[in-house]
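Take a look at the structure below.
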Number of protein chains: 2
Amino acid sequence: MDVRTICLGILTRGDATGYEIKKLFEDDGYQHFVEASFGSIYPALNRLTEEGLVSVREEAQEKRPDRKVYSITTSGRSAFIAALLKPLPEDRHRSPFVFAMLFSHLLPHERVVSMLDTYIRVSEEKLAQLSDMKAEPQTPGEKFVSGFGRAVYEAMLEFLRTHRHEIEQPKAEAAE
Amino acid sequence: MDVRTICLGILTRGDATGYEIKKLFEDDGYQHFVEASFGSIYPALNRLTEEGLVSVREEAQEKRPDRKVYSITTSGRSAFIAALLKPLPEDRHRSPFVFAMLFSHLLPHERVVSMLDTYIRVSEEKLAQLSDMKAEPQTPGEKFVSGFGRAVYEAMLEFLRTHRHEIEQPKAEAAE
DNA sequence: TCGATCTATATCGGTCCAATATAGATCAGG
DNA sequence: CCTGATCTATATTGGACCGATATAGATCGA
């Protein structure tokens, strides 16, 4: 989903600064399947403001950097709904780990083991993060998405634990 | 994984044109977790050639567009291994579907149902494609990756089928 | 008190994708 | 047999997006 639509979506939950929009993906219930960088969020908010889909109020705090708090407008809300009524782009799951596994036969045995260990550890951390979500999900969507994420990570971990031996066996022939 | 490394990886399997490199991701064992577009493959191959990591031979067939067949060089092979020894970037799974589910409470009931139906159908197709892979996996990596993909899609489908009712219930209050 | 971390905005270089252009080959159906 | 669709094959362009970096004061722990 493009960054403009992502920003609009977050702003339907309440006003936020660009910084807070980014943070929402790191701490709260939006993790794992949606993200955007500052380098795309700030320009997106500027353009949304020009187009009247969001409005800004500048809170110049003393002795603190200015906060630009964005609110979604009525036409922004319509544009957001309209975007979700159009056919959705397909998921894109890019995995350097999976790519590397395709070439495990070219790598030293210890490297393959370390890749598996790291990937499993990171996946465990992400799963734990989804499970300890302090805040109660506020919409049925959040609950659904959090469960979906847990199901995916659990299946990945299950597969990795039961099948890693198939790929981490040292080869008789030396890697070229 | 960056497109240059992806190209090098494919070329460790044998010579190929830019077109064939792209096709490999669509038809063969590389699906679902790795991809690259023509707009990045062709420039990448040019740069790899300049740097001596791959070599080209131009097969000018009569009455057919030229084929530029790329081969990996010895230093290309080293560069590829070196890339896989560096820490891997993390997976990035972007899902417009998951994003949309976070806002199901703002959408008409039929739209939510149609999103779920479409997403389930596409996932089933991807799973089927992984399961009917004609060609035997040629490396332990391919077998592992194909099983990993199957495990992930099966878990997704299982979750969607058993939990879709939690999100597709019509709301008492009208969507704004 | 000093470094680390946090809030907050912003830009730049570079990577990558989607769309499009070109062009002949092949193949299926009417 | 012809025609349109699909396939092989390379290439470019505009735009989207990311990662890194710059700035700068606040706060907090050691």
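Residue numbering restarts at 1 for every chain, and letters A, B, ... go by the order of the sequence lines. Below, each value reflects all heavy atoms present in this structure, side chains not excepted, and no hydrogens, waters or symmetry copies.
DNA chain C is contacted by A:Thr17, A:Gly18, A:Tyr19, A:Glu20 of residues 11-21 of chain A, taking any non-hydrogen atom closer than 4.0 Å. Listed by residue number, A:Gly39, A:Ser40, A:Arg47 are the residues of residues 39-53 of chain A with a heavy-atom contact under 4.0 Å to DNA chain D.
Distances from the side chain of A:Phe38 to the nucleotides D:dC17, C:dT7, C:dA10 place C:dA10 closest.
A:Ser37 meets the side-chain contact (heavy atoms from CB on, under 4.5 Å) test with A:Ser40; sequence neighbours excluded. Residues forming a salt bridge (charged side-chain N to carboxylate O under 4.0 Å, His left out) with B:Arg164 (at least two apart in sequence, or on another chain): B:Asp117, B:Glu168. In this structure, the salt bridge (charged side-chain N to carboxylate O under 4.0 Å, His left out) partners of B:Glu90, at least two apart in sequence or on a different chain, are A:Lys126. For the salt bridge (charged side-chain N to carboxylate O under 4.0 Å, His left out) test, no residue two or more places apart in sequence or in another chain qualifies with A:Arg92. Under the salt bridge (charged side-chain N to carboxylate O under 4.0 Å, His left out) criterion, A:Glu26 pairs with A:Lys22, A:Lys23, sequence neighbours left out.
Applying the salt bridge (charged side-chain N to carboxylate O under 4.0 Å, His left out) test to every pair with at least one member in residues 146-163 of chain A, sequence neighbours left out, gives these pairs: A:Glu124-A:Arg161. For residues 5-20 of chain B, every residue pair satisfying the salt bridge (charged side-chain N to carboxylate O under 4.0 Å, His left out) rule, not counting sequence neighbours, is listed here: B:Arg13-B:Glu142, B:Asp15-B:Arg57, B:Glu20-B:Arg67. Residues in residues 45-56 of chain B take part in these salt bridge (charged side-chain N to carboxylate O under 4.0 Å, His left out) pairs, two or more places apart or across chains: B:Arg4-B:Glu51, B:Arg47-B:Glu51.
Among the atoms of the strands shown, only primed sugar atoms or phosphate atoms (P, OP1, OP2) are found under 4.0 Å from some heavy atom of A:Glu35.
Hydrophobic cluster of A:Tyr42: the remaining members, joined at side-chain heavy-atom separations below 4.5 Å, are A:Tyr19, A:Phe38, listed by chain and number.
The residue among B:Val69 and A:Arg4 whose nearest nucleotide of DNA chain D lies closer to the 5′ end is B:Val69.
The ring of B:Phe80 has its center closer than 6.0 angstrom to the ring center of A:Phe103.
Within the helix from C:dT1-D:dA30 to C:dG30-D:dC1, the inter-axis angle between the opening and closing five-pair segments is 40°, rounded to 10°.
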